[in-house]
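In this text the structure is predicted, and so the values were computed from the model without any measurement.
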Amino acid sequence: GILSNRKIRFKYFEYDVQKEKKFRRDGAYYVVSPYAMTWDDENYYLVAYETRLERMVHYRVDKMTEISVTEEERDGHESFKSMDLAVYTQKTFGMFTGDEVNVQLRFDNNLVGAVLDRLGRDVFIVPDGDRHFTVRVDVVVSPQFFAWVLGFGDRAQVLGPGAVVEQLRQYIRDI
């Protein structure tokens, strides 16, 4: 599909508790315009334009089945051209999709390597006293994002916006 400039179709599934495949959309085919493959959190993902949603989306490759190339030409060229794949992957923790939010985070200085690895070398680091720094970054707020922040224990915190701080508090209460 990518090299032939054609859309692909496939069925998409997840596993139920009996370890049986359960197809999404009641087993109907997905038809998308494929653009790239990316690796994140130990899984390969297909990044594609979905005309129905009018945006770029991604699918775990190991959950796609009955894949075939269609005769239909791909669309979404402008969306793909305007996207930075590395930035897309950095913003979507666990490849969750959703609205991006500009979040301010505070970390101990010894976490700078981990922060740059996850958020990218272009993130602007602002010293905050002698032992901390802050960053502002656009991320898709998700349980995986919260898990990443909480994985640093008391060496990391979400400073804002307030709505995201409250979502994090609720996430902690829920778990």
Side-chain angles (χ1 to χ4, degrees), residues 1-103 105 113-123 135-151 163-164 167-168 170-171 174-175:
I2 293 174
L3 296 177
S4 63
N5 195 37
R6 297 282 182 254
K7 290 183 180 181
I8 62 167
R9 71 181 211 147
F10 58 91
K11 291 185 177 182
Y12 201 57
F13 67 88
E14 52 202 355
Y15 289 103
D16 63 17
V17 292
Q18 285 81 36
K19 299 181 186 174
E20 300 287 330
K21 289 180 182 177
K22 182 175 165 103
F23 287 95
R24 291 198 179 167
R25 295 187 187 167
D26 295 321
Y29 281 96
Y30 287 61
V31 177
V32 301
S33 298
Y35 279 95
M37 297 279 285
T38 187
W39 171 262
D40 185 67
D41 197 28
E42 301 188 19
N43 292 295
Y44 279 107
Y45 292 86
L46 171 71
V47 177
Y49 183 81
E50 185 155 344
T51 307
R52 188 175 62 90
L53 301 174
E54 297 182 355
R55 65 182 168 96
M56 300 301 290
V57 294
H58 55 267
Y59 303 94
R60 263 186 57 178
V61 172
D62 62 313
K63 294 185 175 186
M64 297 167 60
T65 189
E66 298 181 41
I67 305 165
S68 61
V69 178
T70 72
E71 291 302 312
E72 200 176 347
E73 247 185 62
R74 287 187 305 175
D75 49 11
H77 297 287
E78 292 305 314
S79 288
F80 183 70
K81 268 199 291 192
S82 67
M83 108 186 266
D84 182 325
L85 197 57
V87 170
Y88 177 80
T89 304
Q90 288 161 351
K91 290 178 179 179
T92 51
F93 285 77
M95 297 305 280
F96 264 69
T97 53
D99 294 330
E100 288 181 19
V101 179
N102 187 267
V103 177
L105 306 166
V115 170
L116 293 178
D117 285 348
R118 180 70 237 198
L119 302 179
R121 302 241 175 249
D122 294 337
V123 71
V135 297
R136 281 193 166 278
V137 64
D138 292 332
V139 298
V140 175
V141 176
S142 67
Q144 276 68 17
F145 167 67
F146 290 144
W148 178 73
V149 172
L150 293 172
V164 175
Q167 282 179 279
L168 176 58
Q170 187 60 50
Y171 175 77
D174 290 347
I175 60 173

Supply the atom-to-atom distance K22 NZ to F13 CZ, rounded to the nearest 0.5 angstrom. 14.0 Å
Are the side chains of R74 and P34 in touch, meaning some heavy atoms are under 4.5 Å apart? yes
Pairwise distance OH(Y171) to OG(S142) - rounded to 0.5 angstrom: 8.5 Å
Once rounded to the nearest 0.5 Å, what's the spacing between atom CG of L150 and atom CD1 of I175? 6.5 Å
Do you know which two heavy atoms are closest between L105 and W148, and how far apart they sit? CD1-CZ3, 4.3 Å
Within the distance-only criterion (no hydrogens, no angle test), does the side chain of Y35 pair as donor or acceptor with the backbone N or O of H77 below 3.5 angstrom? yes
Quick one: does V103's side chain get under 4.5 Å of R136's, heavy atoms only? no
E72 vs R6, test: side chain to side chain contact (heavy atoms under 4.5 Å, CB included). Steps then yes/no. CA-CA 6 Å; E72 200 176 347; R6 297 282 182 254; 6.0 Å; no
Should M64 and L46 be marked as a side chain to side chain contact (heavy atoms under 4.5 Å, CB included) after you check the CA-CA gap, both sets of side-chain angles, and the distance that decides it? CA-CA 10 Å; M64 297 167 60; L46 171 71; 3.7 Å; yes
Report yes if the side chains of I8 and Y30 come closer than 4.5 Å at any heavy-atom pair, otherwise no. no
Identify the residue among R24, K19, K21 that makes a salt bridge (Lys or Arg N to Asp or Glu O under 4.0 Å) with E14. R24
In Å and rounded to the nearest 0.5 Å, what is the CZ to CD1 distance from R9 to I67? 12.0 Å
R25 bridged to E50 by N-O distance under 4.0 Å: yes
Any side-chain heavy atom of V61 sitting closer than 4.5 Å to one from F10? no
Once rounded to the nearest 0.5 Å, what's the spacing between atom CD of E66 and atom CZ of F23? 5.5 Å
Sub-3.5 Å donor-acceptor pair from the side chain of T70 to the main-chain atoms of K7, do we have one? yes
A side-chain contact here means heavy atoms from C-beta on lying under 4.5 Å apart; do Y44 and R60 qualify? no
Here the gap from Y49 atom OH to E78 atom CD, rounded to the nearest 0.5 Å, amounts to 10.5 Å
Which residues satisfy the salt bridge (Lys or Arg N to Asp or Glu O under 4.0 Å) test with E54, sequence neighbours excluded? none
Using modelled atom types and a 3.5 Å cut-off, is there a donor and acceptor pairing between side-chain atoms of S33 and backbone atoms of D75? yes
Exercise: identify the closest heavy-atom pair between V32 and Y59: CG1-OH, 3.7 Å
Decide yes or no for T51 and V31: does some side-chain heavy atom of the first lie under 4.5 Å from some side-chain heavy atom of the second? no
